[in-house]
Structures are given as C-alpha cells and as structure tokens.
Amino acid sequence: MGAPSTSPSPSPSPPAPPEASPPNDEGSSPELPLLRLRCGVQQYAWGRRGAASLVARLSGAPDPDPALPYAELWMGTHPAAPSAVLPGGEPLGAWLARRPAALGPAVAARWAGDLPFLFKVLSVAKPLSIQAHPDKGLAELLHAMRPATYRDANHKPEMAIAVTEFRALFGFAGIEELKDVIRTVPEVGGLIGHEDADKLMTVKEYHGGNDVKSSLQSAFAKLMTASKEAVSEAVNKLKGRLNDESKIRTLTEKEELVLSLERQYPEDVGVLAALLFNYVKLSPGEAIYIGANEPHAYLSGECIECMATSDNVVRAGLTPKYRDVQTLCSMLTYKQIFPEILRGVPVQPYVRRYTPPTDEFEVDCCLLPPGEVVVMPPVPGPSIFLVMTGEGEVQADSMSDGEKAKEGDVFFVPAHTEVRLSACGHASMQLYRAGVNSRALYACNAAAAGKRSQLQNICEVAS
C-alpha cells in the first residue's frame with residue numbers, strides 16, 4: 001500500500017531566461033553596495049541539535065549547544081526573524097526602505113518596497129506538522145480574524161531543494177492506494193465510517209475530479225475530527241497490529257513510517273492521516289514545489305527552502321502547536337497527484353536554476369570547482385547569496401575588490417548588479433542564490449517599457 005518510492009519523469013522544464021538582462025528602461029540606478037548579512041536562527045523543537053545541524057554550522061555559532069535544536073536559518077525581511085546588515089546591524093527591511101533602488105523599480109512597485117521572498121535552510125530531525133499554506137485571499141481573511149495566529153496577510157507558495165536525502169509527505173495518494181488503505185487498515189476505515197469508506201471504495205478513477213474530491217474531503221474531515229479517545233484507541237491498535245505482523249512479514253515503507261511517527265507523536269491523528277498522503281523521497285539536488293492549499297509534512301533531512309515572504313501555516317496533526325483542523329479540511333485542494341520532481345535547468349556552466357510556477361522567487365545552485373570563475377549577470381531584481389560549502393571570493397560590479405566568502409556567508413545583491421564568483425582552496429565552492437522569478441521580472445520590465453512607449457507616443461501626438 002506504499003506510494004512509489006521512485007520519482008516520475010519530470011515534465012519538460014521551461015526554457016531558461018536569457019543570460020543578459022534587458023536594458024534598464026528606468027535609467028541607471030545609483031551604485032549600491034554588496035551587503036553582508038547576519039541571519040536569524042529559529043530553534044523549533046523538530047530541528048537537528050547542536051553541531052549535527054547544518055543550520056547551526058551555517059549560522060556561525062562558535063559552539064552550538066548539543067541540547068538545542070537549530071531548525072531554520074532565515075534570510076530576508078520577515079519580521080519574525082529579519083536579517084541584519086553588517087557591520088552595523090540595521091534590519092535589511094529598514095535598509096531597503098531607505099534605498100528602494102536596491103529592489104529595482106518593478107519589484108519595489110509590485111511588492112510595496114519589500115523583498116518578496118524568504119530564503120531558508122532547514123535541518124529536520126523530527127517530522128513537522130501536517131499542514132498547508134493558505135492562498136492570498138484566505139491568508140488575508142485569517143490574518144484579519146486571528147492576527148495573533150496568522151501574523152501576516154500573504155500567501156506562502158514554497159519550494160524545497162534537498163541538500164541531503166530528504167523525506168516528506170505531500171498531497172493525497174491516488175484513489176487505488178486510498179482504497180487499499182481502507183481495505184487493509186481497519187483502524188483508518190473505522191474512524192472514517194462505513195458511509196464515507198463505501199463512497200471512496202466505489203469511486204472510479206475516471207469519474208472526474210468532483211466525485212473524488214467530495215468523497216475524499218468528507219472522509220478526511222471525519223478522520224481529522226474524530227475524538228481524542230477514538231484516535232488514541234485506533235493508533236494503539238494499529239501499532240500493536242503492525243508490531244505483531246512485522247514478526248511474520250516485511251512491513252511496507254508506509255507502515256514503517258507510521259510506526260516511526262507513532263514513536264515521536266504517540267496517539268496523534270497524524271499517524272493515521274500519513275497513510276493517505278504520498279510518501280516523497282528526494283535525493284540531493286532534487287526539489288518539490290508546494291502550492292497553496294496543498295497538504296504536506298517534512299519528515300527528515302536538510303534542504304534549501306524558498307517561499308513568498310510569509311509565515312502562515314495551518315496545522316492539523318503531528319504537532320504540539322495550535323491546530324486549526326476545520327480550516328485545514330475546508331481549504332485543501334484534494335488533488336491526487338504525485339509531485340513533479342524538479343532537478344533544475346542549466347543556465348550556464350556550473351549553474352542550475354529551479355523555477356517554480358510563482359512570481360516571487362527562483363533559486364540558482366552554483367557548484368564551482370577550485371580555480372574556476374562564473375559571472376552571474378545583472379538582473380532587474382534583488383538577490384540573496386548563501387555560501388553552503390567551500391571558500392572563494394564574491395565581487396560585485398560596484399566593488400574594486402572582492403569579498404572573501406566562506407561557508408555560512410550570506411550576501412544581499414542589489415538589482416542591476418553583476419556578480420563574479422571565484423572558488424579557491426582544494427574543494428568546490430557551492431552557493432545558492434534566491435531571487436525574484438526571472439520570467440516575472442522580464443514580464444514586468446516589458447510591460448513597463450510598453451507603457452512608457454505608449455505615453456511617449458501620446459506626448460508626441462499632443463506636441
């Protein structure tokens with residue numbers, strides 16, 4: 001009953017944008033410096049502890065406390081953990097507010113003078129909650145109703161790029177796998193109830209989305225809203241049964257996962273809900289994109305993550321935090337698709353680009369061998385660079401000398417700035433760049449140029 005562990009063939013990747021940026025129709029902006037950033041660390045309970053955490057190592061903590069979890073490194077302007085400009089320590093958001101040219105005219109206008117993306121590193125030791133992120137309309141509503149819980153009004157599409165082997169739950173499994181769960185896992189079927197279980201069992205995969213969605217939504221809501229007593233009894237029965245069966249047969253990957261989740265979150269409804277989702281396993285360099293209203297839970301591993309600037313999370317299982325079960329059950333798309341596995345598209349030697357279907361961000365991965373140089377061309381939007389491994393030099397076109405760069409260094413690069421990267425030492429230097437989606441930037445520039453041309457024509461006719 002486990003989901004396939006191998007990745008499907010990815011759909012054709014979009015063509016890479018041109019390497020040279022279009023003319024800057026706004027005129028040359030004043031030269032702005034390359035900035036070093038000090039970035040915030042979030043010590044959530046699910047994070048890896050001490051020096052075992054990539055987040056701890058990248059943060060430059062001189063002696064990471066082995067008892068503390070170092071879960072997330074945040075690079076951006078979100079008020080929950082804003083990055084600071086070195087050496088003075090001014091918040092990056094405040095620095096940008098005084099220098100909007102650093103964002104580029106199109107980005108500054110569209111995103112109200114703020115950085116539209118939040119860049120992160122995650123070190124996951126223990127599964128995160130079963131969750132989803134609201135779309136823009138729902139985010140605005142939740143923020144207005146419960147600002148203490150939903151602290152901003154933005155949506156949160158996100159992309160995770162595996163740095164190590166990375167495990168996650170994502171989206172609902174296909175109808176045949178769900179039927180297999182109902183047939184073979186009586187603990188789940190009992191909580192769903194005969195009526196909803198029968199509806200799912202009689203749905204045909206070719207019936208059309210609405211029939212499947214309606215049946216799945218009703219069954220999932222029954223499971224997630226079952227009483228604590230019923231859930232506790234069902235989880236304990238499932239655990240006992242699987243432990244007994246493991247003595248006479250090999251458990252499936254999903255069954256092994258369920259037992260692992262139960263050890264970490266005993267008597268939690270998320271242990272049962274995990275059986276309904278796709279089990280996704282990423283190798284280093286592979287990525288998934290998570291759109292609005294899609295259920296997911298990161299399970300283990302370390303990754304680079306980029307998202308729209310938001311911290312809105314609707315949770316319903318595998319967490320001691322606030323659970324908003326009704327909202328989660330009502331907001332989900334209930335699509336049954338295995339996620340596309342993104343592997344990046346080469347845009348120049350040593351550089352691969354991950355381009356999600358959202359305007360706020362894209363991510364480049366640069367793996368530069370010792371002694372090699374790569375030039376990142378200027379783009380009409382801001383970027384943040386993170387040095388993941390190795391050492392070398394980062395030089396912006398406004399600098400006479402380069403900045404030394406080593407593991408954990410983070411740089412903010414203003415719009416319209418060319419960056420020259422060079423690696424030194426005996427190992428390759430690996431960097432990640434987060435920036436505004438190139439397709440969105442070029443579309444904005446083209447639209448702005450069209451408007452200026454139209455205005456110029458009107459002025460010429462008037463004169």
Side-chain angles (χ1 to χ4, degrees), residues 42 44 46 71-72 74-81 111 114-122 124 127-161 166 168-172 213 217 220-221 224 270 273-274 276-278 280 282 287-299 303-319 321-337 339-340 342 354 356-363 434 436-437:
Q42 301 283 27
Y44 305 135
W46 49 260
E72 295 188 355
W74 285 29
M75 297 165 279
T77 59
H78 194 281
W111 284 287
D114 196 11
L115 199 65
F117 59 85
L118 178 58
F119 200 23
K120 294 184 181 181
V121 180
L122 273 61
V124 181
L128 281 67
S129 57
I130 291 175
Q131 60 183 255
H133 306 305
D135 58 35
K136 193 72 167 68
L138 180 57
E140 291 171 352
L141 179 62
L142 292 173
H143 177 63
M145 293 173 59
R146 281 171 275 173
T149 300
Y150 302 104
R151 298 185 180 182
D152 59 72
N154 202 14
H155 66 164
K156 191 186 175 186
E158 64 187 27
M159 180 171 63
I161 305 171
F166 197 76
L169 298 172
F170 177 89
F172 287 96
K213 176 180 176 179
Q217 182 171 7
F220 184 68
M224 299 305 290
L276 306 181
F277 300 128
N278 293 306
V280 182
L282 301 178
I288 54 173
Y289 169 76
I290 301 170
N293 305 323
E294 296 292 353
H296 61 283
Y298 295 158
L299 301 174
C303 74
I304 288 286
E305 192 179 45
C306 200
M307 63 197 63
T309 302
S310 174
D311 195 31
N312 280 325
V313 181
V314 182
R315 301 178 180 88
L318 304 181
T319 180
K321 295 183 179 180
Y322 172 71
R323 302 182 185 209
D324 194 348
V325 177
Q326 296 290 351
T327 298
L328 185 98
C329 290
S330 65
M331 70 188 276
L332 299 181
T333 66
Y334 292 95
K335 293 177 184 175
Q336 296 173 278
I337 51 171
E340 178 186 3
L342 308 174
Y354 299 81
T358 190
D359 289 351
E360 283 86 352
F361 61 88
E362 66 187 14
V363 176
V436 179
N437 191 309

List the atom of [X], the atom of [Y], and the distance in Å for their closest heavy-atom pair.
X: Pro356; Y: Glu362; value: CD-CA, 4.0 Å
X: Val314; Y: Asp324; value: CG1-O, 3.7 Å
X: Leu128; Y: Ala297; value: O-CB, 3.7 Å
X: Leu332; Y: Ala132; value: CD2-CB, 3.7 Å
X: His155; Y: Ala308; value: O-CB, 3.5 Å
X: Phe361; Y: Glu158; value: CZ-CA, 3.8 Å

Counting distance only, does the side-chain N/O of [X] pair as donor-acceptor with the main-chain N or O of [Y] below 3.5 Å?
X: Asp152; Y: Ser310; value: no
X: Thr309; Y: Thr77; value: no
X: Arg151; Y: Ala148; value: yes
X: Asn278; Y: Ile337; value: yes

Looking at [atom1] of [X] and [atom2] of [Y], how far apart are the two atoms once the value is rounded to the nearest 0.5 Å?
X: Asp311; Y: Glu72; atom1: CG; atom2: CD; answer: 7.5 Å
X: Met159; Y: Tyr289; atom1: CE; atom2: OH; answer: 9.5 Å
X: Met331; Y: His133; atom1: CE; atom2: NE2; answer: 8.5 Å
X: Glu305; Y: Met75; atom1: CD; atom2: CE; answer: 10.0 Å
X: Leu282; Y: Leu342; atom1: CG; atom2: CG; answer: 9.5 Å
X: Thr327; Y: Leu138; atom1: OG1; atom2: CG; answer: 7.0 Å

If you define the side chain from C-beta out and look only at heavy atoms, does anything of [X] sit under 4.5 Å from [Y]?
X: Leu169; Y: Leu299; value: yes
X: Trp111; Y: Glu360; value: yes
X: Ile304; Y: Phe119; value: yes

Donor-acceptor pair between Asn293 and Thr333 side chains, under 3.5 angstrom: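 Their side chains do not contain a donor-acceptor pair, so the 3.5 Å distance test is not met.
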
message: Side chains of Asn154 and Asn312 only: does a donor on one sit below 3.5 Å from an acceptor on the other?
response: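 The criterion, which ignores hydrogens and geometry beyond distance, is not satisfied for Asn312 and Asn154.
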
Ring geometry between [Y] and [X] (parallel below 30°, tilted from 30 to 60°, perpendicular above 60°):
X: Phe220; Y: Tyr334; result: perpendicular
X: Tyr298; Y: Phe166; result: perpendicular
X: His78; Y: Trp74; result: perpendicular

- request: Give a yes or no on this: more than 12 heavy atoms of other residues, nucleotides or ligands lie within 6.0 Å of atom NZ of Lys136.
  value: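 Count over threshold, so yes.
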
query: Please walk me through it: do Leu122 and Trp46 pass side chain to side chain contact (heavy atoms under 4.5 Å, CB included)?
result: CA-CA 10 Å; Leu122 273 61; Trp46 49 260; 4.1 Å; yes

